[in-house]
Chemist: 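Before I ask anything, let me first share the structure, which is written out below as structure tokens.
When a ligand or atom number is given, it counts from 1 through the structure's own listing order.
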Amino acid sequence: MKSLEELTRPNIWTLAPYSSARNEYSGHVAHVFLDANENPYNQPFNRYPDPLQLELKERLAKVKGVKPQQIFLGNGSDEAIDLPYRCFTRPGIDNVVAIEPTYGMYKVCADINDVEYRPVLLDEHYQIKAEKLLSACDDNTKIIWICSPNNPTGNSISREEILKVIRQFEGLVIVDEAYSDFSSEKPLRLAINEFPNLIVLNTFSKAWGCAAIRLGMAFASEEIISIYNKVKYPYNVNLLTQQQALEALKDPYEVDKWVKLLIQERSRMMQAFIQLPTCLKVYPTDANFFLAKMTDAKKIYDYLVEKGIIVRNRSRISLCENCLRITIGNKTENNELLSALRQY
Ligand SMILES: *Cc1c(COP(=O)(O)O)cnc(C)c1O
């Protein structure tokens, strides 16, 4: 791996971060806060939230098997996807490499940051060889994006190939494990101590059932997380979100129950789909959705919309011709979808 200094934008490496009022007195116990121009009334919403979300990170560290200092929390994974561009890639000079097809935000953030995005096509099994990704890189490639389980294909990318990429690439490898709770594979975030160039993303939006609170996570070395902490907005995770996440963390068994149910429903739905005359193929999945190749995705999508049922039409995505992406809902929702498709 190149040194972090070589990988970081020079202006970010030397950046003097904003120092908030609450940062400056640390180490003392205080009870009169006349430092941040807050209103003394309307508690608890009058006070700025903890900029580093320490209580939440302590709790999360136990659940996720990492150290609190190895966690970045952001306004959804969106922030954890945008931030590495702002920290590591020089606009108009550097580039990133990613598997294709994959989650759309990696490219959108590259475009916003004026960073060249190099998609590398998966094979017909939606897999990729490390060599193929590495051969798309040059000296200005700062990041390789891998989403596993991948969206929209649903499958996990071969662990062996991901590890080869991490070992051989000189830059940073970001593995988005938004759906890893639905997979039986061991999460890669448990390997961040082994690989200083690995960043793993998780989210509260999927298995944790908290898409509305906007909370995304990045796990990486303390050094990488300190760079993120310098660059992020000072109060990037609001108080309500921090409180609600702490609430959710009180009952991780509830999440396990949801995941088990969704996995059961997933296999029921896939078996039902393959019986449908309109369905040509269902693809293997480790996520809370699956991809299905249909006889005519556009017509079936429109038909379902008419009935008030919304799935995702992925037809125009590379390698996903005539494919619909089906999120697993509750039993009632799933049955409604099936019965609509049986009447098609
Ligand atoms: C849904 C999803 C996320 C979650 O994004 P949030 O901004 O945290 O809601 C992240 N990555 C992938 C690949 C996803 O599909």
Chemist: Under the salt bridge (charged side-chain N to carboxylate O under 4.0 Å, His left out) rule, what pairs show up with a residue in residues 6-18, not counting sequence neighbours?
Modeler: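 Salt bridge (charged side-chain N to carboxylate O under 4.0 Å, His left out) check on residues 6-18 returns no pairs.
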Chemist: Measure the acute angle between the ring planes of Phe204 and Trp208, then classify it against the limits of 30° and 60° as parallel, tilted or perpendicular.
Modeler: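 Judged by the thresholds at 30° and 60°, the geometry between Phe204 and Trp208 is tilted.
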Chemist: Compile the protein residues with any heavy atom at a distance under 4.0 Å from an atom of ligand 1; present them by chain, then by number.
Modeler: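 Correct list: Gly76, Ser77, Asp78, Tyr103, Tyr106, Cys147, Asn151, Asp176, Ala178, Tyr179, Thr203, Ser205, Lys206, Arg214.
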Chemist: With a 6.0 Å cut-off on the ring centroids, do Phe289 and Phe182 count as close?
Modeler: no
Chemist: Does a side chain donor of either Asp181 or Asn202 reach within less than 3.5 Å of an acceptor in the other side chain?
Modeler: no
Chemist: Step by step, would you call Ser226 with Asn229 a side chain to side chain donor-acceptor pair (under 3.5 Å)?
Modeler: CA-CA 5 Å; Ser226 333; Asn229 287 339; 5.8 Å; no
Chemist: I want to know whether Tyr103 and Tyr106 have ring centres closer than 6.0 Å.
Modeler: yes
